Amino acid sequence: MSTVNSPRFNIQAGSELTRNVEPLLHEIRHALQTFLDTGETSIIDLRSIPLAPGEEDSIINTLGQGEVQALLDVLGPSEIYETKYAGVWIVTHYNDDDNIISRFVEITDSPDVLKSQREDVVDALNALVTELGTDKT
Amino acid sequence: MTEIELLSWARGPGLQIATIVFVAGVVIRILEILLLGRKANLAEAKGSEMSNGLRTIVTRTIPDKTTFKRSSVTIVSGYVFHIAMFIPLFFFAPHILFFKDVIGVSWPSLPGAVVDAFAVISIIAMIAVLINRLTNRVMRYLTNFEDLLVWLLTFLPLITGYFAFHRIGLTAPSLLAIHLLSVEVLLIVFPFTKLMHTFTLFLARWYNGAISGYRGVAS
Amino acid sequence: MTKDLNLKNGSLTEISPEKGTLGETLRKQGVSRRSFMKFCATTASMMALPPAMIPSIAKALENARRPSVIWLSFQECTGCTESLTRAHTSTVESLIFDSISLDYHHTLQAAAGHGAELAREVAMEENYGNYLLVVDGSIPLDNPGYSTIAGISNLDMLNEAAKGAAAIIAVGTCATYGGIPHANPNPTGAVSVKDIIKDKPIINVPGCPPIPVVITGVLAHFLTFGSLPELDHIGRPKAFYGQSIHDRCYRRPFYDKGQFAETFDDEGAKKGWCLFKLGCKGPTTYNACATTKWNNGTSFPIESGHPCIGCSEPDFWDGGGFYKALSMPTDNLTQTLKYAAAGAVAAGVTVGVMNRSKKNTSNKIHVKTTLEDLEK
Amino acid sequence: MTATIEKGINALKRQVDSSVAAFFSSCVHCGLCAEACLFYTETGDPERTPINKTEPLRRIWKSEYTLMGRVGKMFGLTKKVDDAMLAEWQELVYDSCTLCGRCSMVCPVGNDIALMIRKTREGMAAAGQAPEGLIAATGRSVTIGSPMGVKWPALRAQIRHVEEDTGLKIPVDVPDVDYMLLLSSMEIMNFPEFIEAVAKIFDKAGVTWTISSEAFEATNSGIQIGVSDIAAELVQRIVDVADKLRVKTVISPECGHAYMAIRWDGPNLVGKPFNFKVRHILEVLDDLRQQGHLKLTGKDSQKLTYHDPCQISRRGGVIDEPRNLINMFADNFVEMPDGGKMNWCCGAGGGVSANERADEIRIKVFERKKAQLDEVKPDGIISACSNCRIHLEDGLEEYNMDIPLFSLTETIAEHLADD
């Protein structure tokens with residue numbers, strides 16, 4: 001999945017490198033608590049935080065894999081899955097060349113992008129109508 | 001002038017000018033001293049000039065017990081400041097690289113945290129040195145404009161170095177440029193002020209030891 | 001007329017004479033709402049904006065008007081355009097370019113000769129006061145003949161194009177700070193855009209080349225907010241140039257611990273230790289390489305084992321050599337040291353001789369002191 | 001009647017050599033020398049800081065022999081040395097310094113400040129800024145032969161007394177002997193027991209010696225006032241006689257600066273090495289001890305301490321010898337704190353005792369010696385300098401301290417074994 005980020009050098013990956021791994025996990029914990037208390041969702045951009053090679057993997061590995069997985073085909077693939085901690089989702093967007101272009105941790109019951117979008121539903125109806133050749137009116 | 005241009009100037013022409021003035025000044029000053037010459041002693045010797053002169057260069061580093069007791073503040077602050085200053089100066093990796101580039105010799109560096117700690121100690125000690133200079137009645141009496149100027153010019157590289165290390169206040173190139181410029185000012189005034197004691201104290205101690213040693217006294 | 005030119009133009013964008021909103025354009029292209037959301041999320045990430053802003057970005061982008069963009073290339077190597085077109089290979093970033101009307105770019109456009117120049121003139125006229133002017137390359141002030149396009153000197157073309165521009169984006173270190181053409185001894189008298197244009201907002205996107213997402217990020221910001229991003233004291237968007245490479249470098253802990261690679265193939269290099277001693281300019285270089293990375297987020301120079309050369313800073317070419325550590329003097333001090341010392345020995349001996357003759361004089365004029373001489 | 005500021009400045013110019021230049025270049029105004037100087041510690045006056053006393057010499061060095069000084073002089077920026085300035089410094093250079101050299105031992109950069117003050121006196125004296133008392137003493141030394149005005153008949157009378165008391169013959173003007181004994185006027189006038197002691201010891205040891213009727217005075221006012229020309233003249237008198245009598249060794253008596261003058265400064269003043277050796281009486285006695293020619297009897301169980309005269313110990317190098325000798329007869333010898341080369345001066349050397357104007361401060365700074373003695377609380381003090389001895393007596397009396405003083409040579413004579 002993340003071959004792009006696998007270390008090329010024998011760098012001792014671990015939290016002591018940038019010291020950002022643990023604080024980030026705690027941030028997720030706080031967000032989950034808030035979500036439970038108030039229903040407020042949050043999104044963390046993994047690319048906005050300096051991480052050493054291997055550290056992103058370390059976060060991903062810690063969060064683990066849960067029950068739900070989805071693969072989207074939207075201008076290149078996107079991958080969404082729930083971690084072993086319910087309510088914590090990993091959203092990874094790839095480009096056509098399967099390179100990660102953005103990656104988020106979402107704390108919510110279901111990431112918005114997973115849902116069918118109103119505009120697309122409208123288009124879908126139109127398309128279905130055209131397909132069936134039925135006049136709406 | 002952008003900060004990078006300033007940094008380039010400080011690393012290039014600024015450093016050249018400072019080095020020329022510093023090296024030429026120090027060499028001229030030392031020759032100026034040595035070439036004055038000293039008459040050979042015609043009295044029958046009781047001890048050796050050379051060996052005691054060399055000995056005193058080393059031993060004069062340690063104060064005698066009574067003097068230490070009587071002037072402990074001056075001695076402790078002075079020693080702490082000097083020693084703590086030499087650690088960042090000679091054991092901070094970027095500084096070692098500088099020396100390596102100029103004189104071709106290099107040695108192991110100390111971790112940033114250690115260097116930083118000594119820099120802080122040195123800064124505190126320098127402030128103590130200043131306070132002592134302004135409050136100790138003898139030092140206050142002896143202090144002239146040059147003493148204060150030299151204190152300031154020694155303090156600036158330390159404090160700017162500390163700011164550059166921690167990137168406080170300005171952008172990194174500006175901090176680095178200011179640090180280098182402060183060092184260059186120090187180098188330029190060096191040969192013409194009491195900063196020369198860095199070199200001449202070895203001469204002075206040698207003469208003292210030699211004069212004493214000739215008479216059979218370990219000074 | 002406009003339509004014809006656009007056809008000849010054959011730019012990266014869909015030819016769209018009416019220039020509707022971005023939302024309309026995308027829908028026409030059959031881009032789904034989900035894709036658009038992905039695009040917005042990625043754009044936010046790219047611009048280093050907090051994810052909470054994604055909905056407002058989506059709204060703004062949807063209603064954004066497609067601006068006319070004129071791209072002028074002066075003394076440059078086309079590396080900036082190459083960097084940008086690499087960015088273009090990824091689907092999402094391409095939307096940014098789909099959302100502008102690139103009316104003139106002499107490397108990318110299909111049109112040639114008088115037609116190409118006419119396209120520029122027409123775009124300038126039609127969008128006077130509203131178009132974005134992108135410049136890569138430096139401008140020679142020495143002899144205008146060093147770099148001309150269609151017989152027009154770079155200086156004249158820049159001055160003319162700048163007049164009607166809403167803003168100017170200087171792309172690459174040449175356009176922002178003079179770059180390699182400006183490097184000592186600067187034979188063409190190369191200068192940057194901001195050295196010439198004083199009365200327009202200029203965004204500097206330095207780098208040799210700049211990070212592609214930084215270029216697209218700045219465009220996205222302009223599209224999203226219709227304004228320029230916040231700039232630092234030398235005109236760079238703070239979102240990308242706010243922190244130094246050193247500050248965001250994953251090798252920073254090694255620097256702090258004093259663990260350095262001494263050569264490119266020693267144990268330290270293999271262990272990924274800090275490259276400061278190999279000349280890394282990370283501490284004085286402000287850019288986003290360490291977080292956005294290159295080649296679709298693959299890595300950045302330091303991650304590949306090479307020190308930062310400081311390409312996004314002014315005069316990086318004249319910094320005393322890429323492999324000379326920052327704390328080293330840029331010139332040969334050893335030589336200076338030797339000459340200064342040699343000269344000083346001569347001067348010192350002269351001073352010494354003067355001192356001695358002065359003392360000899362005092363010895364000569366000294367008359368033996370007797371008892372009578374002790375009182376005035 | 002012919003001293004001028006120009007002569008003073010010229011004299012100071014002649015004093016600057018590489019050591020002085022190195023010293024002044026190294027001073028960082030740390031003030032440690034003040035704490036080594038009894039004239040500062042006992043008065044607390046910062047102007048009495050040793051290095052400050054060298055200011056006239058420093059100004060001349062700076063303006064005449066340094067690059068910046070030369071440039072500064074062109075623009076009139078250097079501090080001037082003039083009559084008023086020297087007059088202001090006179091009390092510091094003469095009254096507040098015994099040239100004891102303790103400052104030279106503590107200066108962290110190694111400045112021999114005592115030497116610098118000694119050199120400063122050359123300029124002061126040439127400019128007519130020496131104290132009256134010292135000028136008068138110097139005048140007596142040159143014209144009469146002794147700073148106290150002691151002439152040969154007076155010594156001859158003392159010798160006769162000693163001969164009568166001891167039954168020993170004191171050799172006078174005998175050529176080709178091993179030793180020629182010099183005396184200080186103080187010994188002749190106040191402590192003739194010293195002559196007696198030497199006569200007894202030498203008699204037992206069987207050495208050949210003599211006293212010269214032409215040159216018996218060991219002290220040298222020229223050194224104290226700071227006029228090398230006069231000091232050289234006084235030394236030359238001794239050299240001439242010693243050469244004439246072809247003596248092997250000239251003995252400097254129990255006097256500190258006399259030893260400095262003849263032993264260390266002498267050859268340099270007259271400009272050539274001596275044909276004879278110069279030894280302090282304590283060195284001679286210690287030699288005799290080593291050779292087994294000095295046999296003592298009886299041990300003294302009193303608590304005794306030794307006051308190191310500065311010019312003999314710290315400045316002269318005779319430190320171990322007195323201790324070797326004392327241990328021959330003392331059971332309970334105690335060092336003073338800082339004893340040896342770091343001993344504190346009594347406060348009367350370097351011409352201070354010859355300078356009446358300094359009487360008050362001389363007694364004041366004795367408090368330092370008093371503090372040292374208070375720590376040891378000795379039953380007796382031994383020393384080897386009659387100038388120290390006179391002043392110690394003054395001081396002990398002034399501060400109501402009842403401690404007897406002994407001359408080391410005399411004490412040894414008292415312990416001589418009867419074979």
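No experiment lies behind these values; they were computed from the predicted model shown. A, B, ... follow the sequence lines: proteins, then strands. Residue 1 opens every chain.
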Bottom line for B:Ser174: the part with an atom under 4.5 Å from chain C's heavy atoms is neither
How close do C:Gly348 and B:Leu35 get, heavy atom to heavy atom, and via which atoms? O-CD1, 3.8 Å
Close side-chain approach of C:Leu326 and B:Pro94, heavy atoms under 4.5 Å: no
So which heavy atom on C:Tyr286 is nearest to which on B:Ala172, and how close? OH-N, 2.8 Å
NZ (C:Lys358) and CG (B:Leu36) are apart, to the nearest 0.5 Å, by 10.5 Å
Surrounding CZ of C:Phe264 (heavy atoms of other residues, nucleotides or ligands, distance under 6.0 Å), is the total greater than 12? yes
Can you say whether B:Leu176 sits under 4.5 Å from chain C via the side chain, the backbone, both, or neither, judging by heavy atoms? side chain
Whether C:Tyr255 side chain and B:Gly112 backbone form a donor-acceptor pair below 3.5 Å: no
Per-residue contact mode, C:Tyr177 against chain B (heavy atom under 4.5 angstrom): neither
So does B:Val102 get a backbone contact from the side chain of C:Thr334, meaning a donor-acceptor N/O pair under 3.5 Å? yes
Which one wins on heavy-atom pair count under 4.5 Å against chain C: B:Ile103, B:Leu15, B:Ile20, B:Asp101? B:Asp101
Checking heavy atoms, do the side chain of C:Val351, its backbone, both or neither come under 4.5 Å from chain B? side chain
So do the side chains of B:Glu3 and C:Thr284 get within less than 4.5 Å of each other, counting heavy atoms only? no
So with a 6.0 Å cut-off around CZ of B:Phe98, is the heavy-atom count from everything else above 12? yes
Check for a donor-acceptor pair, side chain of B:Arg11 on one end and backbone N or O of C:Ser327 on the other, with a separation under 3.5 Å. no
Is it the side chain or the backbone of B:Phe22 that comes within 4.5 Å of chain C heavy atoms, both, or neither? neither
Just verifying a value: how many Å separate C:Asn355 CG and B:Ile33 CD1, rounded to the nearest 0.5 Å? 10.0 Å
Non-hydrogen atoms of chain B under 4.5 Å away: do they reach the side chain of C:Phe260, the backbone, both or neither? side chain
Residue, of C:Thr350, C:Asn332, C:Val349, C:Ile234, that accumulates the most heavy atom pairs under 4.5 Å with chain B: C:Val349
Say you draw a straight line from CZ of B:Phe99 to CG of C:Leu333; how long is it, rounded to the nearest 0.5 Å? 11.5 Å
How long is the span from the OG atom in B:Ser109 to the NZ atom in C:Lys257, to the nearest 0.5 Å? 13.5 Å
As an exercise: rank B:Ile28, B:Leu110, B:Val115 by heavy-atom pairs under 4.5 Å with chain C and give me the winner. B:Ile28
Contact part of B:Ile4 toward chain C, heavy-atom cut-off under 4.5 Å: side chain, backbone, both or neither? side chain
Counting neighbours of NZ on B:Lys39 that are heavy atoms of other residues, nucleotides or ligands and sit closer than 6.0 Å, is the number greater than 12? no
Under 3.5 Å: donor-acceptor pair, side chain of C:Thr336, backbone of B:Gln16: no
So for B:Arg167, is it side chain, backbone, both, or neither that comes closer than 4.5 Å to the heavy atoms of chain C? side chain
Between B:Ile96 and chain C, with a heavy-atom cut-off of 4.5 Å, which part of the residue counts as in contact: side chain, backbone, both or neither? neither
For B:Gly12 and C:Thr330 the tightest heavy-atom approach is CA-OG1, 3.0 Å
